[in-house]
Amino acid sequence: MEHIHLCKKCLLLEAGNRAAYQSVKDCINDISDELKTDKMLYDRRLALCGACDSLIAGMCLLCGCYVEMRAAYKDKSCPDPNNRKW
């Protein structure tokens with residue numbers, strides 16, 4: 001069994017959850033180009049999520065999503081209604 005630790009301010013792969021990371025990565029690869037953010041915007045969004053206190057082991061505590069997945073969609077935004085990061 002893979003060891004997963006709750007890493008504050010870590011994305012999935014950094015948190016050691018390789019299986020979940022691969023699953024999310026596969027889903028992101030299946031998003032059509034019309035719906036997906038470009039690489040530069042995606043990386044910027046992930047950097048902002050990585051500095052957020054609501055991130056634990058790749059998951060946003062505000063909405064329950066994997067931030068890598070949410071950041072990949074053009075039409076998504078930070079779920080914090082009081083302090084949107086992106």
Side-chain angles (χ1 to χ4, degrees):
M1 178 178 252
E2 185 175 335
H3 174 71
I4 300 170
H5 63 281
L6 292 181
C7 178
K8 186 79 170 160
K9 298 187 179 182
C10 287
L11 300 174
L12 278 173
L13 189 60
E14 296 164 335
N17 193 339
R18 291 188 194 335
Y21 173 76
Q22 188 59 52
S23 179
V24 168
K25 185 177 172 186
D26 290 344
C27 288
I28 291 170
N29 288 337
D30 288 340
I31 299 170
S32 70
D33 289 340
E34 296 83 37
L35 301 176
K36 195 183 324 185
T37 60
D38 63 54
K39 174 87 168 108
M40 192 168 80
L41 180 57
Y42 179 74
D43 290 343
R44 185 174 152 262
R45 288 178 173 185
L46 290 183
L48 292 167
C49 288
C52 181
D53 288 335
S54 296
L55 176 69
I56 293 185
M59 185 175 287
C60 175
L61 295 178
L62 297 172
C63 69
C65 73
Y66 287 119
V67 297
E68 285 97 332
M69 194 71 189
R70 186 177 194 94
Y73 282 94
K74 285 180 185 178
D75 68 342
K76 299 293 183 190
S77 62
C78 171
D80 188 342
N82 299 317
N83 186 23
R84 293 211 194 285
K85 313 277 186 296
W86 50 269

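None of these values were measured; they are calculated from a predicted model. The first residue of the sequence shown is numbered 1, and numbering continues consecutively from there.
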Among the clusters formed by ILVMFWY side chains lying less than 4.5 Å apart, do L11 and W86 turn up in the same one? no
Can you run down the salt bridge (charged side-chain N to carboxylate O under 4.0 Å, His left out) pairs that involve residues 73-83, sequence neighbours left out, and say none if there aren't any? D80-K85
Are V67 and L48 connected in a single hydrophobic cluster, I mean Ile/Leu/Val/Met/Phe/Trp/Tyr linked by side-chain heavy atoms less than 4.5 Å apart? no
Kindly determine whether E68 and Y42 satisfy side chain to side chain contact (heavy atoms under 4.5 Å, CB included), including the steps that lead there. CA-CA 8 Å; E68 285 97 332; Y42 179 74; 3.3 Å; yes
Joint hydrophobic cluster, Y21 plus L55, side-chain heavy atoms closer than 4.5 Å: yes
Just so I know, are the side chains of Y73 and I31 near enough to count as touching, which here means a heavy-atom distance under 4.5 Å? yes
Please report the interatomic distance OH(Y66) to CG(L12), rounded to the nearest 0.5 Å. 6.0 Å
Rounded to the nearest 0.5 angstrom, the CG-SG distance for N83 and C52 is 8.0 Å
Answer yes or no: is there a side-chain heavy-atom contact under 4.5 Å between P79 and R70? yes
Are L62 and I56 connected in the hydrophobic side-chain network, where two residues link if heavy atoms are under 4.5 Å apart? no
Hydrophobic cluster membership, L46 vs L35, 4.5 Å side-chain cutoff: yes
For the pair S77 (side chain) and R84 (backbone), establish whether a donor and an acceptor sit closer than 3.5 Å, ignoring hydrogens and angles. no
Is it true that, when you exclude K25 itself, more than 12 heavy atoms of the residues, nucleotides or ligands shown sit nearer than 6.0 Å to its NZ? no
